[in-house]
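To start, the structure under review is shown below, and the notes come after it.
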Amino acid sequence: MSATLRHAGWVLRGNPVTACAAAGAVVLVAIAVLAPWITPYDPIASNVPAALQPPSATHWAGTDQLGRDIFSRLIGATRLDLGIAVSAVLLSFAAGATIGALCGYAGGRVDRSVGRLVDVLMAFPLFVLAMALVAALGNRVENIVIATALINLPFYIRFARAEVNVRRHAGWVEAARAGGESHATIVLAYLLPNILPAMAVQISLNLGWAILNAAGLSFLGLGVQAPTPEWGIMVAEGARFIGNGQWWLVAFPGLALMLAVLCFNLLGDGLRDILDPRMRT
Amino acid sequence: MSALLNIGRRVGKHLLASLPALFGVVLFTFLLMRVLPGDPAAFFASGPNAGQAEMAQIRETMGLDRPIPEQFVRYVGDLARGNLGQSMTTGQPVIADLAERMPASLELTLFALVLALALALPLGILAALRPNSLLDHGVRFVCTLGVCVPTFVTGLLLIYVFYYLLGLAPDPTGRVDIFAAPPPGITGFLLIDFLLVGDLAGWKAAFGQLILPACTMALFVLAPLARMTRASLLSVLGSDFIRTARSVGMSDWRVVVVYALRNALLPVLTIIGIVFSTMLGANVLVEKVFSWPGIGSYALDALLASDYAPVQGFVLLIAVIFVMVNLIIDVLYGIVDPRISLQ
Amino acid sequence: MSFDRFAFTRRQGLKAVLASAAGGALGAFGRVADAQAQTRAETLRHVLAGTVNTLDPTTPGATRESFGLSTAVYDRLASYGRKQVNGSWVFDFDNIRGELAEKVDRSADGRTFTFHLRKGATWHDGSPVTAEDVKWSLDRAVSAKSLAAGQIATGSLVKPEQFKVLGEGVVEVSLDRPDRLALANLAVPLSPMFNSTLARRNATAEDPWAQTWLKENTAGGGAYVVEQYKSGQQTILKRNEAWKNGAGGMLPYFRRVIAQTVPEAATRANLLERGDADIAIDLQSSDISALEARGKIKLVATPQINGFTAIVFNTRMAPFDNPKVRAALAAALPYEAMFEAALFRRGRALFGATWTEAPNGTFPQPLPFRTDPAKAKALLAEAGFPNGFKTTFSFSAGVAAVAEPMATLIREALGAVGVDVSIQKLPPAQMASMEVERRVPFFISAGTAWLPAPDYFLRNYFTGDHRWNFSGFSDPKLDALAQAARFEADAATYEATCRQMVDIAARDVPMIMVWQPNQDAVMAPAIDGYTYWFHGQVDYRDLRRA
């Protein structure tokens, strides 16, 4: 364990980009946790006389169409956006890894029929599928999470299946089997933890992607409901004001969105390097 | 000859194996559209006197007055005869709409893919040759930046800067200058059609229309392509045969270009396939922003109106393309790496 | 918009205008230049958000843009006039002129109209317009399963027996009862006149009215001919050089019209500002003032005098079946803030009146709805909800630009009087079906009446079971008054009846018409003659480049 940490420290030192990304991710999580205590204004209280003000000392990121403080809304949105991304990714990871690992371990008919289902999902235009799902289930936060999770699912299943497939005849698995462990224990207690590091990379990359997906849905009017602050909706609404020169409505939420996605993507890359044994010297 | 036969057998097997998946797509889309809470009849009955009668008429036209299992059997029967149904939004048969709009989407996607590859491959190679250098981090950062901005924001910004502020790009409304002569309809790919008839001005105009939306899309797929090129080249460069080649004194350049790259391209090929099918399905937002008359924006409008037939047709089309792309990649794999076809 | 003038002086007015339109030897002039290249100046490029989904405006499911296009491609027997109000042109409901007919005689009992077709009028294929064509077109309107039947029934036109060919170029339309809106209904886009020979040639046994063929093809004689039709992308029109049926027999100015779908509002605004497009009428309110301030475009802002945006209560669903609850919420809504932040004051407010009894019978007119939280609280307590209640407020994602800020403000204001509102933005199709099935309790809707007579408004939006009675309101007295007004010949009685109806609408608050949004037509500075029409679309025949 300490060797891994030392290795991680070494990689981070040699890789300033990943270090920054990791720091950024920590800051994001901190903001999300502390959001209610650090917003200067109520993120949903309107103040029409102060609408559409450019950034100033009182409103660092300006105000929106209803006079709400954009900076406060950005902070308030962090919690929701990270929440959507994390729960969607965890959901598809939990379901996908379990199903995939079982298939990879069991092989045979189960594997083939699940494989068929995965083929069906993979053949869908995924963004349109997400749209249709949200439209069908209603545009509430939990449904956005479900839709995002579902369209990620096939990748996790495939990934887990392939990783387990490689390992299922490994010596330590055979040993466990010979030792009388049940199949369930072998999959859950031996194989899953073993493939976890490899999947962590995927998770990190997907976090960023999930945030973008939610933003795209918002742009089409299928995002979370007003007045809840959410980066994607803020960007989509702000985009309407670009032509008016009221750039702060789109620039700041866009920046927040970009930085968050950037953090997760770079972190994912970094994780890959940390976990890649070939990088260890 | 036997190689051809081999390829033929692979193609046949692959197609047969994909039929259940296609059927699954058809069934699932059909059901998904039926559970959409919007009633297309209520949406389209917008006449000044929209009453129950008008809605009943629309339901009848769309076949929605029948029980769902019967609707499905009819739908599959129609599919078998190549009939994808009628769009309420455009009032045209879906198959005609898709056929007309498909080249627009394909041309945009392919062009964007070529653009992305032209950037991603060199960048990925450079990064792999100097791993962990400033250059590597720079490439990684720049590519990742592209994935971090939602495509609709990139699109709107590009329009604002290059059309509105600078006036460099033509107006972002579709594929051709609306005042110019209509393009010759040979292949549907304007860049090819204009070349075929030797209309260079037309070609330039079509190219101009294409460049902004293609850039928007290319930026978004730069990262996976460059990343895969880098990773794959890195692992090849670390392998024994490269070490051997280097140890016998071959020039770096030769090792990379002749031996490493060829082997590294295999995984990249797979990624290209995935990226291409994803782009086709995901350029919904780009088409919307640039008024691009493709299949994505078509499906989007239909979906929001609960217009069943076009969405079903669109999803099926994408699924078929997905199968075809996989097939092509499979065949290409066989050609690039003969070991696979022996199995 | 007063109704008595319409009923009693229109006949003479109509004849006079028809006579002046009869001349028109300008047709030949156009044909000479036709072969020459059409310059950009003679082409109008209209960018729009929606699409034309059929060339036959009577197709069920036809979009508004299809109605708009049909006004240029088809002629009707008659047309509304236009007048200038505050420097901009608006349609004139009180002044109907002939289009395909050059003269109409109305019988003394008001039950028969005799139309005399314009001499020498031809269809696009050059064949002469006959009385049989008109008869066929009117028969089609009442018989075919189309949008037309429902519309012209509001003018008591319901069966083919009402239409008779009296002789060459003369058609008689008879009514069972004199109906105030009969003639007006023959001037709307849903009563186009078809070249029956051509249409019938393309009819089939299952489709005797050629409805399938006419979706993709035209059989008209209007000012423009369809040159290219790509549904969902663009429609290109070419001027019909033989057209003489316009006001004064004048040909329209533009030789060519391109109506192009550009879904992104910001792009439409950019196109206009860069001078690449000539006109758009569906930009976002938030863009308009900035566009105007930068001064590169011309703005014609006309309040939509026959339209409205409304906050609707479902009167068939608790707690909104209680008029006190509705009145309470009406007193709690933040009218000024909504008008300011959601609409940027771009329209005519319909709230804030101070009367207790309607001063006149016009409608829509500002009603006495004002923000008064204390009154709202008192009314809620009276209605049995001293601690408020929970409800949802819905709107279609298609109108989110204005509705979302409105909803946010409403939620805030109602929260202050104890009503807990959750906001529901729904995909357009879902919103439409929930509205029709009356499953939304409290929502935003909008309407436009083609025939802006007060009684037509009140009858359509406050009575009956059809969807336009958004609130599902049912009041026996209002129902009776609305029916009586339709056939009322006496102006004073009509006015009094309407006033009574307005009082009921203000007292029972089935819905709150908050404002009439502007039709903000943005155009190139040189474009002239834009007219706001009751159908809300651009009529290309009005426009010219100065």
Side-chain angles (χ1 to χ4, degrees), chain A residues 41-54 63-68 73 128 130-141 143-144 147 216-230 232-247 249-250, chain C residues 263-274 283-294 334 336-344 392-413 415-416 421-431 434:
Chain A
Y41 296 86
D42 179 348
I44 60 171
S46 73
N47 179 16
V48 173
L52 296 173
Q53 286 181 0
T63 61
D64 68 4
Q65 188 179 0
L66 296 177
R68 297 174 295 194
R73 286 178 70 72
V128 175
M131 277 172 57
L133 278 173
V134 175
L137 299 170
N139 42 344
R140 288 190 303 274
V141 175
N143 296 333
I144 294 169
L217 288 174
S218 296
F219 181 65
L220 299 174
L222 291 167
V224 296
Q225 300 289 3
T228 320
E230 194 269 326
I233 289 188
M234 293 172 72
V235 172
E237 279 176 1
R240 287 208 294 265
F241 293 85
I242 294 182
N244 279 0
Q246 284 139 347
W247 52 272
L249 279 115
V250 67
Chain C
E264 201 54 51
T267 307
R268 291 196 296 278
N270 286 344
L271 286 167
L272 275 151
E273 207 163 8
R274 303 247 342 148
L283 299 181
Q284 300 166 117
S285 306
S286 52
D287 282 345
I288 301 289
S289 359
L291 276 172
E292 198 184 13
R294 285 197 291 268
E336 271 299 329
M338 290 194 293
F339 195 49
E340 172 78 43
L343 201 69
F344 301 95
T392 56
F393 184 71
S394 319
F395 58 90
S396 156
V399 295
V402 173
E404 199 150 41
M406 277 173 81
T408 306
L409 292 170
I410 289 174
R411 181 182 171 277
E412 219 175 6
V421 179
S422 48
I423 296 174
Q424 209 180 22
K425 172 166 67 181
L426 298 170
Q430 189 182 349
M431 183 67 202
M434 303 248 313

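So that the names make sense, note that chain A is the first sequence line, chain B the second, and so on, each numbered from 1.
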Are the side chain of C:Arg268 and the backbone of C:Pro263 linked by a donor-acceptor contact shorter than 3.5 Å?
-> yes
Would a distance-only check, ignoring hydrogens and angles, find a side-chain to backbone donor-acceptor pair under 3.5 Å from A:Arg73 to A:Pro43?
-> yes
Under 3.5 Å, is there a donor-acceptor pair linking the side chains of A:Glu230 and A:Ser218?
-> yes
To the nearest 0.5 Å, tell me how far A:Leu222 CG sits from A:Leu137 CG.
-> 11.5 Å
Which bit of A:Gln246 comes within less than 4.5 Å of chain C, counting heavy atoms only: side chain, backbone, both or neither?
-> neither
Looking only at C:Glu264, C:Glu340, C:Gln424, C:Glu336, most heavy-atom pairs under 4.5 Å shared with chain A are made by C:Gln424
Please determine, among A:Ala51, A:Ala45, A:Ser46, the option with the most heavy-atom pairs under 4.5 Å with chain C.
-> A:Ser46
First locate atom CG of A:Leu133, then atom CG of A:Leu217, and finally report the distance between them rounded to the nearest 0.5 Å.
-> 10.0 Å
Counting heavy-atom pairs under 4.5 Å with chain A, the top scorer among C:Arg294, C:Glu273, C:Glu412, C:Glu404 is C:Glu412
Looking only at heavy atoms, the pair that brings A:Val250 and A:Val235 closest together is CG2-O, 3.8 Å
Greatest number of heavy atom pairs closer than 4.5 Å to chain A - which of C:Ala266, C:Pro427, C:Ser286, C:Ala269 = C:Ser286
Checking C:Ala397 against chain A: side chain, backbone, both or neither under 4.5 Å from a heavy atom?
-> side chain
Which portion of C:Ala337 sits near chain A, non-hydrogen atoms under 4.5 angstrom | both
For chain C, the option from A:Ala135, A:Gly221, A:Gly223 that forms the most heavy-atom pairs under 4.5 Å = A:Gly221
Give a yes or no on whether the backbone of A:Gly67 and the side-chain of A:Gln53 come within a donor-acceptor separation of less than 3.5 Å.
-> no
Answer with side chain, backbone, both or neither: which region of C:Ala401 has an atom nearer than 4.5 Å to a non-hydrogen atom of chain A?
-> both
Does the side chain of C:Val399 come within less than 4.5 Å of C:Met431's, by heavy atoms?
-> no
Which atoms of C:Asn270 approach chain A - backbone, side chain, both or neither, heavy atom under 4.5 Å = neither
When the 4.5 angstrom heavy-atom criterion is applied to A:Leu52 and chain C, the contacting part is side chain
